[in-house]
2 protein chains.
Amino acid sequence: MTEKEKLTEDKIAEAAREVFIEKGMAGARMQEIADRAGINKSLLHYYFRSKEKLFNFIFSKIIDRVGIMFQNIMQEGVSIEDKLKGFVSTYIDVLMKNPFLPNFIFNELTRNPEAIFDHYKNANIEPSKFFKPLENQLAAEKYNINPQDFMINVISMVIFPIAAKPIIKQIVFEGDEKAYKAFMQLRKESIVKFVLSALEGYKE
Amino acid sequence: MTEKEKLTEDKIAEAAREVFIEKGMAGARMQEIADRAGINKSLLHYYFRSKEKLFNFIFSKIIDRVGIMFQNIMQEGVSIEDKLKGFVSTYIDVLMKNPFLPNFIFNELTRNPEAIFDHYKNANIEPSKFFKPLENQLAAEKYNINPQDFMINVISMVIFPIAAKPIIKQIVFEGDEKAYKAFMQLRKESIVKFVLSALEGYKE
DNA sequence: GTAGGGTTTAACCAAGTGGTTAATGCAAAT
DNA sequence: ATTTGCATTAACCACTTGGTTAAACCCTAC
């Protein structure tokens with residue numbers, strides 16, 4: 001029955017996603033994925049022939065989702081300020097729920113950089129699609145700042161504190177999880193304020 | 001002879017550092033470390049009893065170095081502007097030479113967060129030592145910004161683009177290594193400008 | 001019911017892993 | 001020259017790893 005099949009495949013995909021993100025490709029164990037999916041290890045190989053195939057399947061799906069989400073936020077035909085607010089808020093929420101995601105993506109892409117290149121051929125994601133509009137918009141609103149710098153600054157301030165969570169939590173908040181979380185929530189506003197304040201200095 | 005011993009131990013440490021940083025604890029192979037050090041695998045266990053011991057030794061040294069470097073920059077009794085310039089420039093230089101370092105630290109600390117806590121007991125590094133001064137300094141110079149946000153924003157903008165190198169290089173610069181490197185060099189100035197511009201908005 | 005085909009499993013395998021051991025090399029001290 | 005003690009190595013080991021195989025287990029169709 002294709003119903004049952006889908007169920008099993010989904011259980012595997014979900015378990016694999018968890019384990020790969022937590023442990024990375026090298027640290028992940030097929031046995032652990034099978035256990036978390038509640039199935040026999042052989043079934044993994046029945047549905048996905050090898051660890052590498054399974055990994056690529058999961059990784060591609062993740063990259064796609066991230067790319068599309070990014071594209072959506074960037075394409076809204078709204079002001080820079082609203083784009084900024086939307087991006088910061090949405091991404092902090094998503095990443096707080098998936099705190100291992102940034103490291104995972106960094107790692108696996110560092111391990112095998114061609115993966116992006118190979119992948120973006122098939123996907124309908126085109127960086128220039130959201131990059132050019134931002135460039136035009138900055139120019140239109142008379143902000144004389146390099147759009148690449150601008151964008152990377154914003155993304156940095158959102159993603160870094162999540163990738164570096166253990167360090168920040170320990171060193172800045174003495175291990176207090178709640179304090180860290182509260183801080184990250186406040187950052188939704190503080191980042192926007194910081195960036196808008198910076199932008200003022202670039203007004204022509 | 002203690003001379004020769006030091007040499008071997010150093011060769012091991014250097015090779016181990018390379019491999020651990022590139023592949024992480026899980027991905028590193030004792031055989032590869034031995035090969036890169038040009039010695040027999042048994043010698044690794046002769047000098048450092050286990051993979052874990054070797055890893056902890058290397059990891060501690062790295063954390064110490066990073067912490068001390070950070071402390072030094074932050075303790076200089078100079079203006080915020082000069083501190084900022086020093087930090088950005090020094091860290092970009094160091095990290096461009098060690099591009100795997102951020103990911104490595106993120107990963108291993110995520111894997112075992114207690115490591116920081118356990119480690120900072122022995123080390124003479126005290127976060128408040130460089131954190132309080134910055135707080136006072138921001139207040140003294142009449143900048144009404146949360147020092148935690150300020151510091152994390154700056155660090156983010158420096159470290160993130162190195163951790164995310166493969167993504168940025170591919171998506172922003174279409175795989176052009178030189179363009180990426182040039183961009184990172186320019187960031188030494190652009191980050192400072194951006195932050196100083198932002199700070200203006202916080203002046204009381 | 002039973003034949004057939006996809007699904008699931010237990011048992012197994014070869015390769016690779018960190019780690020041990022016993023022997024060898026080698027330089028200084030006697 | 002012989003002994004002594006550390007440095008180094010080859011051979012080996014137990015265990016884990018991803019992956020295979022053949023049998024068991026369902027369902028559905030006849």
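Order of the sequence lines sets the chain letters (A, B, ...), proteins ahead of strands, with each chain counted from 1.
- Legend: residues meeting side chain to side chain donor-acceptor pair (under 3.5 Å) with A/Glu114, ordered by chain and number and at least two apart, are absent.
- One atom, CG of B/Leu44, and another, C1' of D/dA10, lie 15 Å apart when rounded to the nearest Å.
- Contacts of A/Ala34 with the nucleic acid, taken as non-hydrogen atoms under 4.0 Å apart, are absent.
- Nucleotide D/dG18 holds its C1' atom 12 Å from the CG atom of A/Leu54, rounded to whole Å.
- Annotation: salt bridge (charged side-chain N to carboxylate O under 4.0 Å, His left out) contacts of A/Arg65 (sequence neighbours excluded): none.
- For B/Pro102 against B/Pro99, the heavy-atom pair with the smallest separation is CD-O, 3.5 Å.
- Residue B/Ile39 contributes atom CD1, which lies 16 Å from atom C1' of C/dG25 at whole-angstrom precision.
- Looking at the side chain of A/Tyr46, the nearest of the listed nucleotides D/dG19, C/dT9, C/dT8 is C/dT8.
- The nearest whole Å value for the distance from the CZ atom in A/Phe48 to the P atom in D/dG18 is 16 Å.
- Counting only heavy atoms from C-beta on, A/Tyr47 has its side chain closest to C/dT8 among C/dT8, D/dT8, D/dG18.
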If you look only at distance, which donor and acceptor atoms sit under 3.5 Å apart when one is on a side chain in residues 188-197 of chain B and the other is two or more places apart or in another chain?
unit_1: B/Lys188; atom_1: NZ; unit_2: B/Asp93; atom_2: OD1; d: 2.7
unit_1: B/Lys188; atom_1: NZ; unit_2: B/Asp93; atom_2: OD2; d: 3.4
unit_1: B/Lys188; atom_1: NZ; unit_2: B/Gln185; atom_2: OE1; d: 2.9
unit_1: B/Ser190; atom_1: OG; unit_2: A/Asp149; atom_2: OD1; d: 3.0
unit_1: B/Ser190; atom_1: OG; unit_2: A/Asp149; atom_2: OD2; d: 3.4
unit_1: B/Ser197; atom_1: OG; unit_2: A/Ala198; atom_2: O; d: 2.5
unit_1: B/Ser197; atom_1: OG; unit_2: A/Gly201; atom_2: N; d: 3.4

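- With rounding to whole Å, B/Leu43 atom CG is found 14 Å from C/dC26 atom P.
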Between the protein and nucleotides 20-22 of chain C, which nitrogen or oxygen pairs come in under 3.5 angstrom?
unit_1: C/dT20; atom_1: O4; unit_2: B/Ser42; atom_2: OG; d: 3.0

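- Remark: P of C/dG16 and NZ of A/Lys51 are 15 Å apart, rounded to the nearest angstrom.
- Under the 4.5 Å side-chain criterion, counting only non-hydrogen atoms from C-beta, B/Phe87 is in contact with B/Phe70.
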Throw together a table of side-chain donor-acceptor distances under 3.5 angstrom for residues 167-174 of chain B, partners on residues two or more places apart or in other chains.
unit_1: B/Lys169; atom_1: NZ; unit_2: B/Glu177; atom_2: OE1; d: 2.8

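- With a 4.5 Å cut-off on side-chain heavy atoms, B/Ile155 and B/Met151 count as touching.
- OP1 or OP2 of C/dT8 lies within a sub-4.0 Å distance of a side-chain N or O belonging to A/Thr8.
- Look at B/Arg29 and you'll find a side-chain N or O under 4.0 angstrom from OP1 or OP2 of C/dT17.
- For the pair B/Ala34 and B/Lys41, the tightest heavy-atom approach, listed with the atom from each and the gap, is CB-CA, 3.7 Å.
- Among all heavy-atom pairs drawn from B/Ala13 and B/Lys61, the shortest one is CB-NZ, 4.4 Å.
- B/Ala26 comes within 4.0 angstrom of nothing in the nucleic acid, heavy atoms only.
- Whole-Å rounding puts the B/Lys11 NZ to D/dA7 P distance at 14 Å.
- Axis orientation changes by 20° from one end of the helix from C/dG1-D/dC30 to C/dT30-D/dA1 to the other, with each end axis drawn from 5 pairs and the value rounded to 10°.
- Summarising the geometry, the separation between CD on A/Gln31 and C1' on D/dG18 is reported as 11 Å, rounded to the nearest angstrom.
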